[in-house]
Protein chains: 2
Amino acid sequence: MRVCNEGFDKAFIDENRDMYAISFTQYVLSGRWKYFILWYLRGETRRYTDIKKFLGGLSQGSLTKQLRELEQDGVIKRDVYPEVPPRVEYSLTDKGNKLLPILEKMEDFGKEYG
Amino acid sequence: MRVCNEGFDKAFIDENRDMYAISFTQYVLSGRWKYFILWYLRGETRRYTDIKKFLGGLSQGSLTKQLRELEQDGVIKRDVYPEVPPRVEYSLTDKGNKLLPILEKMEDFGKEYG
DNA sequence: CGGAATCCAGAGTGATACTG
DNA sequence: CAGTATCACTCTGGATTCCG
């Protein structure tokens with residue numbers, strides 16, 4: 001659900017800056033696999049194939065789409081090494097690292113109730 | 001995206017309890033309006049109509065569905081007062097309150113980058 | 001190896017009409 | 001006031017195929 005504050009008028013947003021902020025973050029994290037990808041990349045640089053292997057049966061098309069969105073939102077970095085065969089590595093940006101506290105709190109909740 | 005750990009086999013889950021926990025939390029929070037509803041209910045008991053008014057042009061059908069899911073997942077409580085006209089109030093459960101730290105971290109991120 | 005392009009099924013969302 | 005029921009639409013994720 002890639003939607004960020006649609007349906008809210010300006011007055012509402014001005015009066016609810018906190019909710020606007022939450023909505024923005026929800027937008028960045030929207031997607032079935034974003035949480036897993038970020039979690040897998042924390043503190044490590046990973047290759048495309050390794051991410052795919054880690055996530056199981058996820059199709060290439062879907063994985064690439066999620067990675068592109070994360071890259072465009074500035075939370076992951078994509079480094080291409082023009083070798084043969086080609087090598088592409090992904091890692092978290094500083095911005096991406098700032099998402100980890102959210103994942104940690106989600107982990108806490110899930111471990112208590114899941 | 002009401003999906004919780006589909007596509008992961010048991011071995012994967014056993015080796016990745018933290019991701020399983022995150023996935024569970026993502027499941028509980030999945031839905032366009034869940035974050036807003038929880039945020040609006042923090043520390044307060046609210047009536048159905050007030051929630052609807054707060055969220056803007058959201059249709060009754062959609063709001064009811066989100067509230068039902070939150071109730072079934074045990075994060076909000078629904079109290080019915082059989083008056084005329086009827087009154088229904090919603091509030092966070094203890095479990096629901098445990099979700100607030102996640103929202104706070106999301107607020108932090110959104111205020112820094114949104 | 002790491003994609004891009006295309007198509008499709010299904011979930012999620014919402015508008016509308018009706019009810020106790 | 002606070003729903004339920006139905007229908008229609010959109011968007012995402014996934015399968016498939018092809019490429020440098």
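Letters go in sequence order (proteins before strands), and every chain restarts at 1.
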Without decimals, in angstroms, what is the distance between [X] [atom1] and [N] [atom2]?
X: A/K52; N: C/dA4; atom1: NZ; atom2: C1'; value: 15 Å
X: A/Q66; N: C/dA4; atom1: CD; atom2: P; value: 14 Å
X: A/L63; N: D/dG13; atom1: CG; atom2: P; value: 11 Å
X: A/D50; N: C/dG3; atom1: CG; atom2: P; value: 13 Å
X: A/K53; N: C/dC1; atom1: NZ; atom2: P; value: 8 Å
X: B/R47; N: D/dG3; atom1: CZ; atom2: P; value: 10 Å
X: B/R68; N: C/dG14; atom1: CZ; atom2: P; value: 17 Å
X: B/Q26; N: D/dT12; atom1: CD; atom2: C1'; value: 13 Å

Enclosure of A/D79 CG (heavy-atom neighbours >12, cutoff 6.0 Å):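 More than 12 heavy atoms, drawn from other residues, nucleotides or ligands, come within 6.0 Å of this atom.
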What pair of heavy atoms forms the shortest contact from A/R32 to A/Q66, and how long is it? N-OE1, 4.0 Å
Touch class at under 4.0 angstrom, heavy-atom based, for A/Y81 against every strand present: nothing
Per the side-chain contact (heavy atoms from CB on, under 4.5 Å) rule, which among B/L63, B/V88, B/L58 passes with B/I51?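 The single option meeting the side-chain contact (heavy atoms from CB on, under 4.5 Å) with B/I51 is B/L63.
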Is there a side-chain contact between A/L103 and B/D18 (heavy atoms, below 4.5 Å)? no
Ignoring backbone atoms, test whether B/Y48 places a side-chain nitrogen or oxygen under 4.0 Å from the OP1 or OP2 oxygen of D/dT4.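 It does not, given that no N or O in the side chain of B/Y48 lies less than 4.0 Å from OP1 or OP2 of D/dT4.
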Side-chain N or O of B/Y27 less than 4.0 angstrom from OP1 or OP2 on C/dA11? no
Side-chain (A/T25) to main-chain (B/G110) donor-acceptor, under 3.5 angstrom: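 Between the backbone of B/G110 and the side chain of A/T25 there is a qualifying donor-acceptor contact (under 3.5 Å).
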Does any N or O in the side chain of B/T45 come within less than 3.5 Å of the main-chain N or O of B/E89, such that one atom is a donor and the other an acceptor?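 Here the side-chain-to-backbone pair does not exist.
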What pairs of residues pass the ring pair (Phe, Tyr, Trp, His ring centres under 6.0 Å) test when at least one of them lies in residues 92-114 of chain B, not counting sequence neighbours?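 Applying ring pair (Phe, Tyr, Trp, His ring centres under 6.0 Å) to every pair that reaches into residues 92-114 of chain B, excluding sequence neighbours, yields B/F109-B/Y113.
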Check nucleotides 14-20 of chain D against the protein and report each pair of N or O atoms closer than 3.5 Å, with its distance, or say if there are none.
from: D/dG14; atom 1: OP2; to: A/W33; atom 2: NE1; distance (Å): 2.7
from: D/dG14; atom 1: N7; to: A/S62; atom 2: OG; distance (Å): 3.2

Upstream residue (5' side of DNA chain C) when B/E69 and A/V80 are each assigned their closest nucleotide: A/V80
Taking Watson-Crick and G-U wobble pairs with both distances under 3.5 Å, convert DNA chain C into its dot-bracket string, 5' to 3', dots for unpaired and | for cross-strand pairs. ||||||||||||||||||||
Please determine whether a side-chain nitrogen of the Lys or Arg among A/E104 and B/K105 lies less than 4.0 Å from a carboxylate oxygen of the Asp or Glu.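 Salt bridge: no.
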Identify whether NZ of Lys or CZ of Arg in A/R46 sits under 6.0 Å from the centre of the six-membered ring of A/F54 and within 45° of that ring's axis. no
